[in-house]
J.: 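Here it is, the structure in full.
All values below were derived from every heavy atom in this structure, side-chain atoms included, with hydrogens, water molecules and symmetry-related copies excluded.
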Amino acid sequence: MVTHPSTTPADRIRPDGDRRAASGLGSRAALRAAGKALRPQIDVRGTIAVITGANSGIGFQAARQLAAAGATVVLACRHPGRMAEAARAIRSEHADATIDEVTIDLGSLRSVKAAANIITDRYRSVDILINNAGMIGGPGWRTLDGVESCFGVNHLGHFALTGLLLDRLLAAPEARIVSVSSTAHRVARLDLQDWPHPRIDDIYRTYAASKLANLLFAHHLHRRITAAGVSLRSIGCQPGWAATKLLSSRPRSARHRASVAALRAIGAFIAQPPEEGARPLLHAVAANVPSGTYLGPTRWWRTRGPIGPERPSDEARDIDAARQLWDLSVELSGVNFASLAAPVVVERRLGDLSAPASGSHRKPGTSPTS
């Protein structure tokens, strides 16, 4: 069990951070050859940060940089062995890092509830929740709860986890909930009949739909936060094209194998290292941006470059679809976000996607250099 440090709101960006970083667990030697481990770009001392999918890719890079910057980092991962390896890698760079490990399978609501219980037992408050874990499943894949795997893992599990941790998030001075989406949401078809049981079993279509669901959730959560007048922010982001393990699963059909091979070939030229892909997540955590913002790289067709606000697709801003998705998610998960229940005010203010939640501004700080 990890003791709980005091939580102190702070401007979290440090302008002098060294942006060199390792691209994965096996690159500590490169860090040593370069000199010292990373100087943190951000200041999150005294905060508690929960990150799903933190054993590899952008989740791991976000975890190691938050740990370096002084946060107590809770790795929330499905595979205990890989999670322990990630924790060891972070501690090897930062001996004084405070790392906790909680096993969670986002494809099992029972596991999500068990993990949330562990976190709420260990911590009086949670300052940062990064809903990062994601997957591209195979045709016909279902979660343990019987829903399509991308919808279940990428959206529904995170929806439930957020709701179950809501009281701990509200107990923090100015907590942030970061929903990691993707540019893939722009090609998603908004068809509510496809959630949670798609009629066309196409892995890329279901992945895109799950990333659209992430943004619909983030925006509707922002509306409820605004209506409730609480000091909490819901921020969406997308990492650009990062070299992660998302395409590592072996497709079963020849058509899907060809598609994955083509994406990997393109990625060899376009993809940025995972530490660059983590920058939008860190920006969402630390920059002085209002609730309801969507962040991502601003160059190369939103695949890389300086981080800034971007306008999501029209479908991602569909208020009625967001409400229906929310209601469906409550029905499927049994998690109702009772602390944010303010239906009359929500109806009056649903049209406002950009205004920050009441009391949610931090004192203006230094913007991250890009």
Side-chain angles (χ1 to χ4, degrees), residues 7-13 42-52 62 66 69 71 73-74 119 123 125-132 158-159 161-181 214-239 278-296 307-312 316-317 319 322 326 337 339-342 345-346 349-368:
T7 54
T8 305
D11 296 312
R12 296 172 173 177
I13 298 294
I42 54 179
D43 185 358
V44 286
R45 288 171 292 184
T47 63
I48 308 297
V50 178
I51 310 176
T52 65
L66 289 174
V73 177
V74 182
I119 294 169
Y123 301 99
S125 62
V126 173
D127 301 88
I128 299 163
L129 172 61
I130 303 180
N131 291 324
N132 163 73
H158 284 130
F159 177 93
L161 179 64
T162 303
L164 292 167
L165 295 181
L166 184 60
D167 286 345
R168 292 297 186 264
L169 290 158
L170 289 170
E174 288 185 298
R176 300 194 186 196
I177 300 164
V178 179
S179 299
V180 181
S181 182
N214 291 152
L215 277 185
L216 288 168
F217 167 57
H219 284 150
H220 198 65
L221 179 59
H222 158 66
R223 298 183 191 106
R224 286 183 170 261
I225 289 168
T226 302
V230 295
S231 182
L232 185 64
R233 302 191 202 187
S234 172
I235 300 170
C237 70
Q238 62 93 4
R279 289 174 61 218
L281 285 66
L282 298 170
H283 197 119
V285 162
N288 190 29
V289 293
S291 181
T293 301
Y294 179 49
L295 298 167
I307 309 306
E310 66 175 83
R311 183 182 177 88
R317 293 179 289 111
I319 293 172
W326 184 281
F337 290 72
S339 299
L340 295 182
V345 182
V346 168
R349 301 185 68 173
L350 270 176
D352 183 4
L353 285 180
S354 58
S358 174
S360 66
H361 274 300
R362 298 182 188 277
K363 182 176 66 177
T366 306
S367 296

J.: Looking only at non-hydrogen atoms, find the nearest pair between His283 and Leu295 and report the distance.
T.: CD2-CD1, 3.7 Å
J.: Classify the ring geometry of Phe159 against Trp326: parallel below 30°, tilted from 30° to 60°, perpendicular beyond 60°.
T.: perpendicular
J.: Over all heavy atoms of both residues, which pair between Ala62 and Ala278 is shortest? Give the atoms and the distance, please.
T.: N-CB, 3.9 Å
J.: Quick one: do Val50 and Ile128 satisfy side-chain contact (heavy atoms from CB on, under 4.5 Å)? Show the steps, please.
T.: CA-CA 6 Å; Val50 178; Ile128 299 163; over 6 Å; no
J.: The test is side-chain contact (heavy atoms from CB on, under 4.5 Å); show your working for Val180 and Ile130 and say whether it passes.
T.: CA-CA 7 Å; Val180 181; Ile130 303 180; 4.1 Å; yes
J.: Quick one: NE2 on His220 to OG on Ser234, what's the gap to the nearest 0.5 Å?
T.: 11.0 Å
J.: Between Ser179 and His158, do the side chains contain a donor N or O and an acceptor N or O under 3.5 Å apart?
T.: no
J.: Between Asn288 and Arg176, which heavy-atom pair has the shortest distance, and what is it?
T.: CA-NH2, 4.5 Å
J.: What distance do Ser291 atom OG and Ile225 atom CD1 have between them, rounded to the nearest 0.5 Å?
T.: 4.5 Å
J.: Is there side-chain contact between Leu215 and Gln238, with heavy atoms separated by less than 4.5 Å?
T.: no
J.: State the CG-NE2 distance between Asn214 and His219, to the nearest 0.5 angstrom.
T.: 11.5 Å
J.: Write down the atom of Thr293, the atom of Pro309, and the distance for their closest heavy-atom approach.
T.: CG2-CB, 4.3 Å
J.: With side chains defined as the heavy atoms from C-beta onward, is the minimum distance between Arg317 and Pro312 less than 4.5 Å?
T.: yes
J.: Start with the C-alpha gap between Arg168 and Asp127, add the side-chain angles, then the distance that decides, and say whether side-chain contact (heavy atoms from CB on, under 4.5 Å) holds.
T.: CA-CA 8 Å; Arg168 292 297 186 264; Asp127 301 88; over 6 Å; no
J.: Which distance, rounded to the nearest 0.5 Å, do you find between the OG of Ser125 and the CD1 of Ile48?
T.: 6.5 Å
J.: For Leu340 and Leu221, run side-chain contact (heavy atoms from CB on, under 4.5 Å): C-alpha distance rounded to whole Å, both residues' side-chain angles, the deciding distance at 0.1 Å, then the answer.
T.: CA-CA 9 Å; Leu340 295 182; Leu221 179 59; 3.7 Å; yes
J.: State, with a plain yes or no, whether a side-chain heavy atom of Leu66 is found less than 4.5 Å away from one of Ile51.
T.: yes
J.: What distance do Ser181 atom OG and Leu216 atom CG have between them, rounded to the nearest 0.5 Å?
T.: 9.0 Å
J.: To the nearest 0.5 Å, what is the distance between OG1 (Thr52) and CG (Asn132)?
T.: 5.0 Å
J.: Per the side chain to side chain contact (heavy atoms under 4.5 Å, CB included) rule, which among Ile235, Leu232, Leu165, Leu161 passes with Ile177?
T.: Leu232
